[in-house]
Amino acid sequence: MGMRSFSDLQARYRFTSSDESHLKTILPIAGENSAVFKMEFNKELVSYKRIREFFPDNEKLEKHGELITEWFLMLFSGPFDANYTKYVRSIARAHVKNGVPIYYITDAMNFVRDFCISMIDDNVELPVRSKLKRSTNRIIDMNLGILTSEHLDRYVEKRDFMQKVEGGIIRFSKRFTQILNIVLMISLVLISIGITADIIISLLKIREIGVQNGVIGALGSILVLWVMIEITDTEINHLKGQKIPISAFIGVALVAFVRDSLVSTMSIEKNYITTVISVFAILLLGITYWLVKKKER
Ligand code: HEM
């Protein structure tokens, strides 16, 4: 955003040389009321809930009151030039630096506006009141604009920074996931090759281990190969942007148990308890697989 020059501000708030002379006519009244202003302003600040965060002791509040009085008189005296905007901006920076919330500034400014309007009502002849009030409103709005825009600038800067950081993290994560996906694909291919080799070896050793065991061993490996194809397919679809279905994971578990019970039928010392557990697990997994698959469709 950035702060505009004083002439820009003048144009935006339609602040003219007649406003300047109107304000100068109020200056003597403001001078007479400055002590009351300081007192009332501090009373207003003390009513703010978090005020002690900013002014832990009365001494600091009193010092701020002195600065406020100076600012109050300059509302009417000017001089309204580039130095004036510099001055108000430095106040804004002091507030941002001390973490003063923006709504405290707008609340305080609202108090100032009320005070000035009452002061004009009480001390100025009726015919000139409205134009003096208009000029007062303009200089107050200009101050409000500068005092709050510093807060907004900081906010925007912070947000831009956060967005940049977030973007960087997301880009990094995406690239990292891409690499993981490649590793996964390569692993899947290597494992599939290994299983194919296992099937071939089972069949070649059929003479040594007997037809039944050889075929069952090969069948177990074929089952696993079938799961590998299923997983590879799922991964390809995932790379194309689809979600990974939960049934893929259940399928893997299911086949692992089926294969396990197949292989255990080959072993000489059969353990019936493990076989029963295996069959039971296959049953449960099968039902779950069927239910999940049904839902996914
Ligand atoms: C109309 C509204 C206000 C005006 C015109 C104003 C004016 C000023 C001025 C002139 C300074 C000194 C700046 C400098 O050191 O360069 C200042 C500082 C400060 N103001 Fe305000 N102020 C306003 C409202 C507030 C409010 C509402 C709070 C808190 C609730 C606040 C808290 C502070 C603090 C903590 C400092 C820094 C004091 C230090 O450095 O010791 N101000 N303000």
Side-chain angles (χ1 to χ4, degrees), residues 1-45 54-55 60-98 100 102-154:
M1 235 190 298
M3 204 61 232
R4 295 168 183 88
S5 69
F6 183 73
S7 50
D8 278 349
L9 276 172
Q10 264 183 320
R12 266 178 59 211
Y13 289 92
R14 284 180 291 241
F15 188 85
T16 61
S17 52
S18 60
D19 286 314
E20 202 163 335
S21 50
H22 292 157
L23 292 172
K24 288 213 167 108
T25 65
I26 310 173
L27 183 58
I29 306 166
E32 287 164 23
N33 283 277
S34 66
V36 182
F37 173 79
K38 183 174 127 183
M39 209 176 64
E40 296 280 317
F41 187 91
N42 277 358
K43 235 202 251 166
E44 164 80 9
L45 285 202
F54 310 108
F55 302 109
K60 292 230 166 72
L61 190 65
E62 195 54 34
K63 203 185 125 220
H64 189 258
E66 302 286 337
L67 297 167
I68 274 287
T69 312
E70 211 174 279
W71 167 83
F72 175 67
L73 292 174
M74 275 176 80
L75 276 182
F76 307 102
S77 70
F80 301 108
D81 54 17
N83 280 332
Y84 187 76
T85 12
K86 246 189 223 159
Y87 165 66
V88 183
R89 280 179 69 185
S90 74
I91 300 175
R93 273 196 295 273
H95 289 154
V96 171
K97 204 178 107 196
N98 284 278
V100 179
I102 198 165
Y103 56 88
Y104 275 177
I105 303 298
T106 51
D107 288 359
M109 214 49 131
N110 206 34
F111 161 82
V112 172
R113 197 189 300 275
D114 279 354
F115 184 92
C116 292
I117 299 296
S118 306
M119 186 179 76
I120 293 167
D121 279 339
D122 293 346
N123 294 285
V124 178
E125 314 265 302
L126 193 57
V128 281
R129 265 184 215 166
S130 70
K131 59 180 186 185
L132 295 196
K133 280 187 203 167
R134 203 178 312 136
S135 301
T136 305
N137 271 327
R138 279 188 188 147
I139 192 67
I140 287 179
D141 282 341
M142 212 153 114
N143 271 271
L144 181 64
I146 301 171
L147 285 183
T148 51
S149 71
E150 191 77 20
H151 279 82
L152 296 176
D153 281 357
R154 289 299 159 91

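These values consider heavy atoms only, across backbone and side chains, with no hydrogens, waters or symmetry-generated copies.
With sequence neighbours excluded, no residue forms a side chain to side chain donor-acceptor pair (under 3.5 Å) with Glu125. In terms of the salt bridge (Lys or Arg N to Asp or Glu O under 4.0 Å) criterion, Lys63 has no residue partners (sequence neighbours excluded). Qualifying side chain to side chain donor-acceptor pair (under 3.5 Å) partners for Lys133, counting only residues two or more places apart in sequence or in other chains: Asp121. Checked against side chain to side chain contact (heavy atoms under 4.5 Å, CB included), Lys86 has the following partners two or more places apart in sequence or in another chain: Asn83. In this structure Glu40 satisfies the salt bridge (Lys or Arg N to Asp or Glu O under 4.0 Å) test together with Lys43, sequence neighbours excluded. Every side chain to side chain donor-acceptor pair (under 3.5 Å) that Asp141 has, sequence neighbours left out, goes to Arg113. In this structure, Asp81 has no salt bridge (Lys or Arg N to Asp or Glu O under 4.0 Å) partners at least two apart in sequence or on a different chain. Residues forming a side chain to side chain donor-acceptor pair (under 3.5 Å) with His22 (at least two apart in sequence, or on another chain): Ser135. Tyr103 pairs by the ring-ring contact (aromatic ring centres under 6.0 Å, His included) definition with nothing, not counting sequence neighbours. Residues that satisfy the ring-ring contact (aromatic ring centres under 6.0 Å, His included) test with Phe54, not counting sequence neighbours, are absent from this structure. For Glu20, the salt bridge (Lys or Arg N to Asp or Glu O under 4.0 Å) test picks out Lys24, with sequence neighbours left out.
Closest approach of Thr136 to Cys116, counting heavy atoms only: CG2-CB, 3.7 Å. Considering every non-hydrogen atom in both Leu75 and Tyr84, the closest pair reads CD2-OH, 3.8 Å. In this structure, Ser34 and Leu73 approach most closely via the heavy-atom pair CB-CD2, 4.3 Å. Closest approach of Phe76 to Ala30, counting heavy atoms only: CD1-CB, 3.5 Å. Shown here for Phe15 and Arg138, the closest heavy-atom pair between the two residues is CD1-CB, 4.1 Å. The shortest heavy-atom contact between Phe55 and Leu45 is CE1-CD1, 3.9 Å.
Applying the side chain to side chain donor-acceptor pair (under 3.5 Å) rule to pairs touching residues 65-80 yields Lys38-Glu66, Trp71-Asn143, sequence neighbours excluded.
Of the possible polar contacts, none joining the Asn110 side chain to the Thr106 backbone as a donor-acceptor pair under 3.5 Å is found. For Asp114 (side chain) and Phe111 (main-chain N/O), no donor-acceptor pair under 3.5 Å exists by modelled atom type. In this structure, Arg89 contributes its side chain and Ile146 its backbone to no donor-acceptor pair below 3.5 Å.
Atoms CG and CD, from Leu67 and Glu62 in turn, are 10.5 Å apart once rounded to the nearest 0.5 Å. Rounded to the nearest 0.5 angstrom, Ile117 CD1 and Asp122 CG are separated by 11.5 Å.
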